[in-house]
There are 2 protein chains.
Amino acid sequence: MPATDEITSDSKDNFASKVMIQLKQDILIGFFKPGEKLLMSRLKERYQVGISPLREALSQLLVEQLVVVENQRGFKVHPISLQEMHDIYQSRALIEQLCISLAIERGDDEWEAGILASAHKMQKFSDCIESHPHEWEKRHQDFHTAIASGCQSPTLLQVRRSLYEKASRYRNLWLNKNMPDPKVFATNQRQHQDLITALLQRDIPLAKQLIAEHLLSPSLLLGKNDSLQ
Amino acid sequence: MPATDEITSDSKDNFASKVMIQLKQDILIGFFKPGEKLLMSRLKERYQVGISPLREALSQLLVEQLVVVENQRGFKVHPISLQEMHDIYQSRALIEQLCISLAIERGDDEWEAGILASAHKMQKFSDCIESHPHEWEKRHQDFHTAIASGCQSPTLLQVRRSLYEKASRYRNLWLNKNMPDPKVFATNQRQHQDLITALLQRDIPLAKQLIAEHLLSPSLLLGKNDSLQ
DNA sequence: AAAGGGCATAATGTCGACATTATTTGTTTT
DNA sequence: AAAACAAATAATGTCGACATTATGCCCTTT
């Protein structure tokens, strides 16, 4: 019975799966720029695999709308637009409101405990944001995932994950210069604390309002926030 | 300048795209049963293509969770379960409520006109349900899509489409014997009319209640409908 | 000199073949 | 006779190569 390597859990998967994860990351962090043509020769060299796994990985990212395909002209990185960013952020806020509402209705003691545990791990890491931004990003994500997971709906959680990934692309490309700002960081910490309070009090309207403000604040570079009760 | 074949619009796409559509249909209608192993040799023979386009198509359906892949053991049709059916139907109802709420807030005259037009085309086809069930299904779908499209959110509409497809699988597999029932059909027609009235009156709470009842009625074979305000 | 057409280059899309891995069948041993 | 091991069969995953199609360059023509 093999004991180790349960962390990565992909040492036995096929090439397409591994390449898909790497390629997705490269697109999300902006190594491949929006609209950029994805040459097969370049991808082959970068990921050290043949054409077949590459095309399978690209086919998967096609469904996730991270790449686009033109008739007989190969693959390109999905272009970005202010319009799409607003739509994604708005939709993400609505889905997150949905998950949180359901979580408040369905969440049990374990759900509450998970929120407090992940919040603690996030807050203990507050001082290391600038030194390890990637790890802090993970703990922040884990905190919000702990909240949303209380909805107990795999379908909604998968939609939520997909929207998170697309939004993170815009965050990395356009608005990742506001994280080291201590002003907005203090605001974020306060938002987290208020959210936890609202959750434990099972105050659905307040929690919905708080999560919407929290998620949409980075995208308020340009206005246009309407209709989220 | 080529004039024709804009109807299918896929006569020039690559094989993987065409095979994906056909294979998706075959899974949704139940030609390939849930959990069934998808032999490459059989797929090659059925769709008359090589392995490469097949694997690309399967990779796409993997993301849409219509097939699953086991380590080095090939592809299988995604299994079904009562639990997943409830989750999909519940999530679909919530997403549809979201789209309709936004549509009522954002919809203009053209939105209203589109609803009435598609409703008319659906009702004129009421007598032909048993003779052309497929065409009636399309008009029914067009009617609801006309309503939801008023939300003007490509992201939400895509989520909605994905959930519709998954739900249609369960409808085809488990509960497609209640359509010719005249009793439930009359109820459906009444539900449509009430929904249109609520939409034109911009009554969001009523519209949300009506659409939830309409979408969840087929899945009420077993209870468990909670929390849709 | 600019525009259009034709040729050369390059990239994509697809297939067949090979190596690896799982499954089944048959044999042997207890 | 049942279980376990081994060989044979079959299916998957990957790569290289070929045909098709797009792109860029150069030459010709007005």
Figure out the [atom1]/[atom2] separation between [X] and [N], and round it to whole Å.
X: A/Glu56; N: D/dT12; atom1: CD; atom2: P; value: 13 Å
X: A/Gln48; N: D/dG13; atom1: CD; atom2: P; value: 21 Å
X: B/Lys44; N: D/dT12; atom1: NZ; atom2: P; value: 11 Å
X: B/Lys76; N: C/dA22; atom1: NZ; atom2: P; value: 15 Å
X: B/Ile51; N: C/dA19; atom1: CD1; atom2: P; value: 16 Å
X: B/Gln72; N: C/dT21; atom1: CD; atom2: P; value: 7 Å
X: A/Asn71; N: D/dA22; atom1: CG; atom2: C1'; value: 10 Å
X: B/Lys18; N: C/dG13; atom1: NZ; atom2: C1'; value: 12 Å

* Asked: Is there a side-chain polar atom (N or O) of A/Lys37 under 4.0 Å from OP1 or OP2 of C/dT12?
  -> yes
* Short side-chain N/O contact from A/Arg73 to OP1 or OP2 of D/dT23, under 4.0 Å -> yes
* **B/Glu96 side chain to B/Tyr164 side chain, donor-acceptor N/O pair below 3.5 angstrom** => no
* **Distance-only donor-acceptor check, side chains B/Asp142 and B/Ser118, under 3.5 Å** => no
* Test: A/Arg42 cationic atom under 6.0 Å from A/Phe32 six-membered ring centre, within 45° of axis -> no
Of the nucleotides [options], which has the atom closest to the [X] side chain?
X: A/Phe75; options: C/dG13, C/dT14, D/dA11; value: C/dG13
X: A/Asn14; options: C/dT12, D/dT12, D/dG13; value: D/dG13
X: B/Arg55; options: D/dT14, C/dG13, C/dA11; value: D/dT14
X: A/Met40; options: C/dC15, D/dG13, C/dT12; value: C/dT12
X: B/Phe15; options: C/dT14, C/dA22, D/dC15; value: C/dT14

* Asked: Just checking A/Leu58: base, sugar-phosphate only, or nothing, at a heavy-atom cut-off of under 4.0 Å?
  -> nothing
* To do: Look at all strands and tell whether B/Leu54 reaches a base, only sugar-phosphate, or nothing, counting heavy atoms closer than 4.0 Å.
  => nothing
* To do: Please figure out whether A/Ser41 or B/Ser52 has its closest DNA chain C nucleotide nearer the 5' end.
  => A/Ser41
* Do the non-hydrogen side-chain atoms of A/Leu157 and A/Cys151 ever get within less than 4.5 Å of each other? -> yes
* Asked: Is the centre of the B/Trp136 ring less than 6.0 Å from the centre of the B/His140 ring?
  -> yes
